[in-house]
Amino acid sequence: MIEHPDGTRTPVIDASVHIFFASTPELREFLREPFKSRGFPDYEMDWYGAPGSEYAPGTQGPDRRYPGSDPEFVGHQLFDERGVDVAVLHPMGRGIMPDRHLGSALCAAHNEMLVSRWLEHPEFGDRFRGTIRLNPDDIAGALRELAKYKDHPQVVQIGIPLQSRELYGKPQFWPLWEAAAEANLPVAVHIETGEGIGFPPTPSGHTLTYEQYVSFMSLNYLYHLMNMIAEGVFERFETLKFVWADGCADFVTPFTWRMDTFGRPHLEQTPWAPRIPSDYLPGHVHFVAGRFDGPGDVEFAGEWFGFTGKDDMVMFGSSYPHWHMSTLAVPSAYTAEQREKFCWRNAAELYGIDIPAQLAAQ
């Protein structure tokens, strides 16, 4: 629960809390042979490390444990200090591995860690919700992993990396999207830490600096989304939901305007997707946003938030424990309804999170 400048209070669902293993040796404890002895990148081996530090001050756990690796420490920071009511956890993986079998084994280790350490934590487990990591380069393995966890009451979505070697609308991914829709689990697409073998972050290759990488990388959702609409993915799987978990929701408005402008006269080219592109956004497309998204606290912020239905798509996410993690600051121009949707209601509806009526009423 958080109090806003006008004195009103709302619940808070943090839709983007990143969790980690404390070390690579600890990760190996969750692996089985032949993968336990294999080599794979460390978290710190990404190409684009943040200048200064990747993580916010004060987020290291007891005994200088890796940020985001201690459930009790993280729970106290989120729930006691930051006013969060429910946190959606996203285990941070290693991207797409050259060996798909190794990639799936790493996903399975992260999932085991998520469930055993976080979702079953004796003090905070009931306030955590989980994202199970699946490997889109190994559809058969991903389906097996999904079957293991799809009925867990606190698993609320599946997670895949934004850096992909193929666009997610292509047919080879359809069995996974079908299974996700049948399990009523949204698909969260998140930037990985940069160690995998996905394509460069821009159509022109690799960027020069971390700042350019982070600024551009989240835009890659546009390529995936455009391809998914054109391939008829949302027409084929009517209950499929995608969460673009690294912000950049503001780009969906001009992008969709342009897609509609060029798509409307040429719908005969995609008879499997007969509606104009913007018709496929409601109920299918969602975003996580933090302090770096949007125009800021300006008088037109609420109007902009409503364009192309963004106020029904966007959920607050802090990106804890990263250096840019944000506290919840809602533009003053948002209506009361927009503020509630952003702070908790959109996430509660998407993930089926029950917020007690006495909290929601404040």
Side-chain angles (χ1 to χ4, degrees), residues 12 14-31 35-84 86-95 97 105-131 133 159 161 190-196 209-211 213-214 245-246 288 290-292 317-328:
V12 177
D14 190 335
S16 186
V17 173
H18 306 157
I19 63 171
F20 300 83
F21 281 100
S23 65
T24 294
E26 185 181 78
L27 168 54
R28 292 189 187 280
E29 295 174 8
F30 284 78
L31 290 171
F35 306 108
K36 188 171 185 174
S37 303
R38 293 280 299 274
F40 46 82
D42 192 286
Y43 288 130
E44 305 293 344
M45 291 177 65
D46 57 293
W47 288 16
Y48 299 100
S53 175
E54 186 69 37
Y55 304 106
T59 56
Q60 284 187 323
D63 301 320
R64 299 182 62 82
R65 286 175 63 87
Y66 203 83
S69 66
D70 186 280
E72 185 171 352
F73 182 82
V74 172
H76 282 300
Q77 288 208 315
L78 292 174
F79 305 130
D80 298 339
E81 299 176 16
R82 298 174 63 85
V84 173
V86 177
V88 180
L89 308 177
H90 196 109
M92 297 304 292
R94 308 300 171 96
M97 294 289 101
L106 291 171
C107 285
H110 283 78
N111 296 336
E112 187 177 344
M113 177 267 289
L114 165 74
V115 172
S116 64
R117 289 191 175 172
W118 296 78
L119 302 188
E120 296 176 0
H121 189 269
E123 183 176 1
F124 297 119
D126 62 340
R127 300 177 72 176
F128 289 137
R129 298 297 184 274
T131 304
R133 299 308 311 269
H190 198 289
I191 294 176
E192 290 284 25
T193 48
E195 314 92 333
T209 67
Y210 169 84
E211 292 84 353
Y213 172 81
V214 174
D246 278 287
V288 175
R291 69 177 181 180
F292 289 157
S318 68
S319 293
Y320 176 98
H322 287 282
W323 68 270
H324 58 279
M325 74 175 187
S326 56
T327 54
L328 182 54

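Please read these numbers as outputs of a predicted model, since none were measured by experiment.
Ion pair Arg133/Glu192 flagged as a salt bridge, since at least one NZ, NE, NH1 or NH2 atom sits closer than 4.0 Å to an Asp/Glu carboxylate oxygen.
When all heavy atoms of Glu54 and Tyr210 are compared, the pair lying nearest together is OE2-OH, 4.1 Å. Closest non-hydrogen pair, Val288 versus Ser16, comes out as CG1-CB, 3.7 Å.
For the atom pair OG of Ser319 and CD1 of Ile191, the computed distance is 9.5 Å after rounding to the nearest 0.5 Å. Rounded to the nearest 0.5 angstrom, Leu119 CG and Arg129 CZ are separated by 8.5 Å. Note: Leu78 CG to Phe124 CZ = 9.0 Å, rounded to the nearest 0.5 Å.
For the residue pair Tyr320 / Gln77, a side-chain donor-acceptor distance below 3.5 Å is found, with atom types taken as modelled. Checking His76 against Glu81 by side-chain atom types alone, no donor-acceptor pair falls below 3.5 Å.
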I would like to know whether Phe21 and Arg28 meet side-chain contact (heavy atoms from CB on, under 4.5 Å); could you show each step before the answer?
CA-CA 10 Å; Phe21 281 100; Arg28 292 189 187 280; over 6 Å; no
Between Leu106 and Leu31, is a side-chain contact (heavy atoms from CB on, under 4.5 Å) present by the stated rule, with each step listed?
CA-CA 7 Å; Leu106 291 171; Leu31 290 171; 4.2 Å; yes
If you apply the rule side chain to side chain donor-acceptor pair (under 3.5 Å), what do you find for His121 with Glu72, and how did you get there?
CA-CA 8 Å; His121 189 269; Glu72 185 171 352; 4.6 Å; no
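Ile19 is not listed as a side-chain neighbour of Met92, based on a closest heavy-atom distance of 4.5 Å or more. Residues Ser53 and Trp323 have side chains not in contact (no heavy-atom distance under 4.5 Å, counting atoms from C-beta outward). Looking only at side-chain heavy atoms (C-beta outward), Thr59 and Met325 come within less than 4.5 Å of each other. Within the 4.5 Å cutoff, no side-chain heavy atoms of Val17 are placed close to those of Val88. Side chains of Leu89 and Leu114 form a contact here, defined as non-hydrogen atoms less than 4.5 Å apart.
Summarising the local packing, CG of Asp63 is surrounded by 12 or fewer heavy atoms from other residues, nucleotides or ligands at distances under 6.0 Å.
At distances below 3.5 Å, not a single donor-acceptor pair connects side-chain atoms of Asp14 with backbone N or O atoms of Val84. Here the side chain of Ser23 pairs a donor or acceptor atom with the backbone of Glu26 at under 3.5 angstrom. Between the side chain of Asp70 and the backbone N or O of Gly61 there is no donor-acceptor pair closer than 3.5 Å. In this structure a side-chain-to-backbone donor-acceptor pair under 3.5 Å is missing from Glu112 to Ala108.
Relative ring orientation between His18 and His190 is described as perpendicular, the plane-to-plane angle rising above 60° on a 0-90° scale split at 30° and 60°. Classified by interplanar angle (parallel below 30°, tilted 30° to 60°, perpendicular above 60°), the ring pair Phe128/Phe79 is tilted.
Between Tyr55 and Phe20, the ring center distance clears the sub-6.0 Å criterion.
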